[in-house]
Number of protein chains: 2
Amino acid sequence: MFERVLIVEDHESVSNSVKQALNDLGVDNPEHVSYCDYALSWIKKAIVTPQPYDLLITDLSFEEDQTVQQITDGVALIRAVREVQPDLKILVFTAEGRLEVIRPLIEKLGINAYVRKARRDTQELKAAFEAIANGRNYFPLQMKRSERNGHSFNFSTYDITIIRLLAEGKKQKDIPQCLQDNKITPSSLSSLEKRLNQIKDEFSFTTNEQLIAYCKDFKII
Amino acid sequence: MFERVLIVEDHESVSNSVKQALNDLGVDNPEHVSYCDYALSWIKKAIVTPQPYDLLITDLSFEEDQTVQQITDGVALIRAVREVQPDLKILVFTAEGRLEVIRPLIEKLGINAYVRKARRDTQELKAAFEAIANGRNYFPLQMKRSERNGHSFNFSTYDITIIRLLAEGKKQKDIPQCLQDNKITPSSLSSLEKRLNQIKDEFSFTTNEQLIAYCKDFKII
DNA sequence: CTTTTCTTTACGGGAAACCGTAAGACGAAT
DNA sequence: ATTCGTCTTACGGTTTCCCGTAAAGAAAAG
């Protein structure tokens with residue numbers, strides 16, 4: 001069982017519930033912060049004590065408020081934590097359900113469990129906790145769902161760059177200049193047009209507007 | 001104090017916390033459902049018993065799953081509830097922070113309290129509860145924040161219609177036909193262009209793409 | 001019934017986007 | 001070095017969009 005657990009969650013209502021669940025599981029006094037920066041500093045402090053944290057439960061998205069933060073989301077927090085305490089077990093508890101977001105966390109940052117905020121999340125939370133305590137990881141098959149919802153198409157960073165420029169109001173004919181300024185190739189108007197057409201073909205989109213709408217809906221940009 | 005409270009919330013972690021908060025406040029056994037349809041039917045049933053509900057705490061957004069529902073969001077639920085039990089006290093507990101969404105609930109549907117899911121939400125929840133119990137309403141000034149974030153511009157239903165058509169991939173030149181088919185005026189291409197230009201001017205947008213991105217970001221469409 | 005004013009529509013020139021084709025650049029393999 | 005294939009760029013014709021102006025229509029005022 002775990003001795004020292006840190007919960008990083010900005011909704012008090014959720015963190016309360018997580019604390020309660022941990023209590024039910026025999027964790028005495030889970031600690032809680034609602035800002036990523038504090039979480040990292042607490043972890044750093046604890047690591048040089050006889051009792052560092054052995055489990056981190058964190059959300060991914062945090063709302064900005066007047067308290068300015070260096071680290072503004074859970075992904076950055078996890079990345080930073082992995083630098084200072086690579087063996088810390090990490091459970092991600094978030095409403096985020098997109099495979100494209102979660103998969104890198106599993107593969108690149110080696111998180112140990114993922115629980116989606118949903119109708120039975122507390123039960124899942126407990127199951128994930130048990131799994132980690134027994135040296136296993138916990139990645140529910142529910143994620144398959146996201147997979148079929150998901151798009152087979154993979155947007156490259158190049159694609160995202162040009163789509164983002166469009167969404168910012170750049171005219172198509174002005175984008176080549178932007179690309180050159182940022183040393184991005186291909187930069188010609190022709191290549192741009194061709195690539196945009198490929199993407200739109202892929203989805204049977206007729207206009208750029210439709211593409212932008214899609215990308216916003218699925219948080220591609 | 002309230003005798004019978006119904007919590008409508010699809011995240012178990014949140015509903016647990018709300019239950020706990022109600023317990024702290026002396027409400028014995030708050031009831032809980034995670035689907036809007038069930039909520040309405042429970043309320044309908046209770047209203048013909050000696051002990052109908054006297055407080056409803058509901059979220060606004062609910063995730064769809066395999067359980068198909070007639071009522072898919074909290075706004076529709078509240079509207080339906082107001083039909084069958086107009087005097088029921090309603091507390092909206094949601095992550096939704098846009099004034100354009102909340103204000104109609106207050107003005108048109110007469111909800112009694114609004115608490116935003118955030119860093120101190122449980123405390124706010126209790127404050128809201130106390131307020132309603134004492135015959136007052138609870139609408140925190142925090143909403144002012146949303147106001148200054150907010151945009152003075154009001155999109156008409158006409159605006160939204162044409163923007164939506166664009167986002168669906170309709171070409172500008174084909175939209176007049178759509179408008180005529182749906183008996184929407186003005187329908188001419190000129191009027192369409194003029195209106196789009198007005199909107200874009202208002203925001204200093206340069207392209208339709210940028211307008212679509214904006215509307216998606218702020219859930220106008 | 002006029003006049004005024006506002007809204008909607010029609011039109012036309014210029015800019016941008018769309019789309020196919022062809023030429024050029026580059027790397028890999030022979 | 002040559003060939004081949006791929007990726008990038010250049011160019012031109014067509015369509016669509018953009019934008020200003022003017023005419024037509026409708027509603028309110030005189």
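Only heavy atoms go into these numbers, but all of them, side chains included; no hydrogens, no water, no symmetry mates. Throughout, protein chains are lettered first and strands after them, A, B, ... in sequence-line order, and every chain is numbered starting at 1.
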Look at Lys200(B) and dC18(D) and indicate whether a side-chain polar atom (N or O) is within less than 4.0 Å of OP1 or OP2. yes
Can you find a side-chain donor-acceptor pair between Glu209(B) and Asn208(A) that sits under 3.5 Å? yes
Any Ser187(B) side-chain N or O less than 4.0 Å from OP1/OP2 of dT9(C): yes
Picking from dC18(D), dA16(C), dT16(D), which would you name as closest to the side chain of Asn208(B)? dC18(D)
In whole angstroms, how far is the P atom of dT15(D) from the CD atom of Gln172(A)? 18 Å
Report the residue (Thr185(B) or Thr206(A)) whose heavy-atom-nearest nucleotide on DNA chain C is the more 5′ of the two. Thr185(B)
Rounded to whole Å, please give me the gap between NZ in Lys171(B) and C1' in dC18(D). 16 Å
Between C1' on dT7(C) and CZ on Arg195(B), what's the gap in Å once rounded to a whole number? 13 Å
Given dA17(C), dC17(D), dT9(D), identify the nucleotide with an atom nearest to the side chain of Lys173(B). dC17(D)
Nearest to side-chain heavy atoms of Ser190(A), which nucleotide of dT9(D), dT9(C), dC17(D): dT9(D)
Could you check whether the side chain of Glu193(B) and the base of dC19(D) have a donor-acceptor pair of N or O atoms closer than 3.5 Å, going by distance alone? yes
N/O (side chain, Ser188(B)) to phosphate O (OP1/OP2, dT9(C)) under 4.0 Å: yes
Quick one: are the ring centres of Tyr138(B) and Tyr114(B) less than 6.0 Å apart? no
In whole Å, I'd like the distance from the CZ atom of Phe205(A) to the P atom of dA17(C). 20 Å
Interatomic distance where CG belongs to Leu192(B) and P belongs to dT16(D) [whole Å]: 15 Å
Determine, for Phe139(B) and Arg103(B), whether the Lys NZ or Arg CZ falls below 6.0 Å from the six-membered ring centre while staying within 45 degrees of the axis. no
How many Å lie between OH on Tyr158(B) and P on dT7(C), as a whole number? 13 Å
On the 0 to 90° scale, with breaks at 30° and 60°, tag the Phe155(A)-Phe203(A) ring pair as parallel, tilted or perpendicular. parallel
I need the CG-P distance between Leu189(B) and dC11(C), as an integer number of Å. 12 Å
Do the two ring centres, one from Phe2(A) and one from Phe129(A), sit under 6.0 Å apart? yes
Quick one: is dC18(D) close enough that its OP1 or OP2 comes under 4.0 Å of any side-chain N or O from Lys194(B)? no
The residue, Pro186(B) or Thr207(B), whose nearest nucleotide of DNA chain C is more 5′ is Pro186(B)
Can you check whether Asn197(A) has a side-chain N or O nearer than 4.0 Å to OP1 or OP2 of dC18(C)? no
Would you mind reading off the distance between Leu211(A) atom CG and dA17(C) atom P, rounded to a whole angstrom? 15 Å
